[in-house]
Amino acid sequence: MLDLQKTPAVGTTLRVLGTPVTYRLTARETEGGYFLFESAVPLGEGMLPHRHPLESELLYLLEGRLTFRLEDAVFVLEAGQTVFVPRGAVHAFQNTGSAPARLLTLASPGYLHEGFFAEVGVGVDAPKTALELEKITQTAAKYQIEILPLA
């Protein structure tokens, strides 16, 4: 089980899979119930298709435009819109706008994504390195997150 005392504190920003992620509210503050984080999604970047059977997510787009996949549906998420991702649903997104996007995500329960980010994330000033999909997939599996092949 994840030691919540060893995960980053509120306000910490890590670069996770190329995207800066800021911890806004952690499982430590919510008795394990929630993890709230903000992502600054660069142009053309996003998240690979994945699912997590133990967590649901609520995503609110603060700025920008994302093309979002939720199961078989593909739609555009504009600033001010929200999408709910139920447990186990396949989802992915890509910044297809004309500027970086800012996304606020609430995951429940809080400790799985929080632990995954803590393990694969690096400081925002750390040198960029090539991402090893196999290593990321194995690490994600430890937190009940399944990275799926691109369809």
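All values below come from the heavy atoms of this structure, side chains included, with hydrogens, waters and symmetry mates left out.
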Review point. Counting only N and O atoms by type, is there a donor-acceptor contact under 3.5 Å from the side chain of R87 to the main-chain atoms of L54?
Key: yes
Revision key, fill the gap. When every non-hydrogen atom of L70 is compared with those of F84, the smallest separation belongs to CD2-O, 3.7 Å
Check your understanding: What pair of heavy atoms forms the shortest contact from A101 to R65, and how long is it?
Key -> CB-N, 4.3 Å
Point to revise | N/O donor-acceptor pair under 3.5 Å between R69 side chain and E71 backbone | key: yes
Considering only distance and modelled atom types, tabulate donor-acceptor pairs under 3.5 Å from the side chains of residues 40-52, sequence neighbours left out.
unit_1	atom_1	unit_2	atom_2	d
H50	ND1	L48	O	2.9
H50	ND1	H91	O	3.4
H50	NE2	H91	NE2	3.0
R51	NE	E146	OE1	2.8
R51	NH2	E146	OE1	3.3
H52	ND1	E55	O	3.1
H52	NE2	E57	OE1	3.4
H52	NE2	H91	NE2	3.3

Exercise for review: May I ask whether L17 and F117 are part of the same hydrophobic cluster, defined by side-chain heavy atoms of I, L, V, M, F, W, Y residues being less than 4.5 angstrom apart, directly or through others?
Suggested key: yes
Review point. Hey, quick one: are V90 and V83 part of the same hydrophobic cluster, counting side-chain heavy atoms closer than 4.5 Å, chains of contacts allowed?
Key: no
**Study point:** Atom of L14, atom of G123 and distance for their closest heavy-atom approach
**Key:** CD2-N, 4.4 Å
Check your understanding: Transitively linked via ILVMFWY side-chain contacts under 4.5 Å: V120 with F93?
Key -> yes
Exercise for review: Mind checking the OH-CD spacing from Y34 to E114? Nearest 0.5 Å is all I need.
Suggested key: 14.5 Å
Revision key, fill the gap. Looking only at heavy atoms, the pair that brings F35 and G110 closest together is CB-O, 3.1 Å
Point to revise | Sole candidate of I145, V21, T105, V16 that passes side chain to side chain contact (heavy atoms under 4.5 Å, CB included) when paired with H113 | key: I145
Point to revise | hydrophobic_cluster_shared for V85 and L106, side chain cutoff 4.5 Å | key: no
Point to revise | Verify same cluster id: L25, Y60 (apolar side-chain graph, 4.5 Å) | key: yes
Revision key, fill the gap. Distance col, row F75:CZ vs L66:CG, nearest 0.5 angstrom, shows 10.0 Å
**Study point:** Gap between atom CZ of R24 and atom OG1 of T12 - 0.5 Å precision
**Key:** 10.5 Å
Revision key, fill the gap. Interatomic distance, OH@Y111 vs OG1@T26, rounded to 0.5 Å, equals 14.0 Å
Practice item. Working to the nearest 0.5 Å, report the span between CG of L62 and CG of L103. Key: 7.5 Å
Revision key, fill the gap. In terms of heavy-atom contacts, G33 and S108 come closest through O-OG, 3.1 Å
Practice item. Taking the side chain as every heavy atom from C-beta outward, state whether F68 and L61 have any atom pair closer than 4.5 Å. Key: no
**Study point:** Distance-minimising heavy-atom pair for Y143 and E119
**Key:** OH-OE1, 2.7 Å
Study note, to complete from the structure: CG (N95) and CG (L77) are apart, to the nearest 0.5 Å, by 11.0 Å
